[in-house]
Amino acid sequence: MPDTPAHVPSHVAIIMDGNGRWAKLRGLPRIEGHRRGVETVRNVIDAAKELGVRYLTLYAFSVENWKRPQDEVGALMSLLEYFLKRETATLVKNKIRLRTIGRTQDLPEPVRRQLDAAIAATAQFTEHTLVLALNYGSRTEVVDAARAYAAAVAAGTVNLNNDSWETFARHLYTGDLPDPDLVIRTSGEYRVSNFLLLQAAYAEFVFTPVLWPDFSKTDFAAAVETYAKRERRFGRTSEQLKSAPCL
Ligand code: IPE
Ligand code: IPE
Ligand code: MG
């Protein structure tokens, strides 16, 4: 597998927002916006693969989203189940591995069953990974990681006199994933809503006013283009990077 060219982000993470407003603008129920949002998910998975993005993380349901009206939560869970059922064959065809981050053990049983099946069916693929953030929140992730870390210390596999960020980060849900290079949020909101707070420490952010159901492959490519024009300095100076770009 050749390395991703430097101007293409290896990992793009998206806060998919604006389904409700998209529906409201049309006098439709919110769930109709979510339905249309699923079509966008399909297009964006394709676009990411076509552009050479190796990891795509989609924020599909936050730990806070359980606070929504019960019928909306139920509809979102049904849509997720339907998406997984319908999409697994396409993921296999396109050689895309599926995995999740979040407390998926608390999702309804039919959703868990579809997830397990899709993850198993795509486990052998290595070039492209789709990560669904489901019942995900950065703060619960830190709590879960701290618990796992404490257990590792107690078991003697982590030595507190000799630890580092890398050692701790292995206990996050994303322990075996690279950090996102680019985080996109749709719908004109300028916040991170408990998404990958630690992993996005040095990510580039692109905010677009486009509502998620209207977000096209072209919009995705435009965000990647914006990313390509940014200079990521990781704490260094611009001059340092220009004299030795591989630092
Ligand atoms: C994003 O769209 C989908 C989820 C959070 C599940 P929203 O449902 O948040 O849409 P708005 O923000 O109400 O427009
Ligand atoms: C963030 O969107 C969560 C997902 C995209 C799954 P929200 O619509 O839930 O975020 P807030 O409530 O506007 O911050
Ligand atoms: Mg929203």
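Atoms within each ligand, like the ligands themselves, are counted from 1 in listed order. Both backbone and side-chain heavy atoms feed into the values below; hydrogens, waters and symmetry mates do not.
Salt-bridge formation is detected for the pair Lys242/Glu231: a Lys NZ or Arg NE/NH1/NH2 atom is positioned less than 4.0 Å from an Asp or Glu carboxylate oxygen.
Phe195 CZ to Ile15 CD1: the interatomic distance, rounded to the nearest 0.5 Å, is 5.5 Å.
The atoms of ligand 1 that sit less than 4.0 Å from any heavy atom of His34 are 3 (C), 8 (O). Heavy-atom contacts of Asn65 reach the following atoms of ligand 1: 5 (C) (cutoff under 4.0 Å). Each of the atoms 6 (C) of ligand 2 lies under 4.0 Å from some heavy atom of Phe61.
Under the 4.0 angstrom criterion, atom 12 (O) of ligand 2 counts as lacking any protein heavy-atom contact.
Neither the backbone nor the side chain of Phe195 has a heavy atom within less than 4.0 Å of ligand 2.
No N or O atom of Ser62 sits closer than 3.5 Å to an N or O atom of ligand 2. Where the criterion is an N or O separation shorter than 3.5 Å, residue side chain and backbone included, Arg21 meets it with respect to ligand 1.
Within Asp17, the N/O/S atom positioned nearest the Mg ion (ligand 3) carries the name OD1.
Look at Glu189 and the Mg ion (ligand 3): no N/O/S atom of the residue is under 2.8 Å from the metal.
Nearest to atom 6 (C) of ligand 1 by heavy atom, out of Gly188, Ala60, Ser193, is Ala60. Of the candidates Arg68, Arg30, Glu64, it is Arg68 that places a heavy atom closest to atom 5 (C) of ligand 1.
Using a 30° and 60° split on the angle between ring planes, Tyr55 and His11 fall in the tilted class, from 30° to 60°. Ring pair Phe205/Phe207 is parallel by interplanar angle, where below 30° counts as parallel and above 60° as perpendicular.
Remark: minimum distance from atom 2 (O) of ligand 1 to any protein heavy atom is reached at Asn19 N, 3.2 Å. The closest protein non-hydrogen atom to atom 10 (O) of ligand 1 is Gly20 N, 2.9 Å.
At least one heavy atom of Met16 lies less than 4.0 angstrom from ligand 2. Remark: distances from the non-hydrogen atoms of Gly18 to ligand 1 include one below 4.0 Å. Ligand 2 lies less than 4.0 angstrom from a heavy atom belonging to Arg185.
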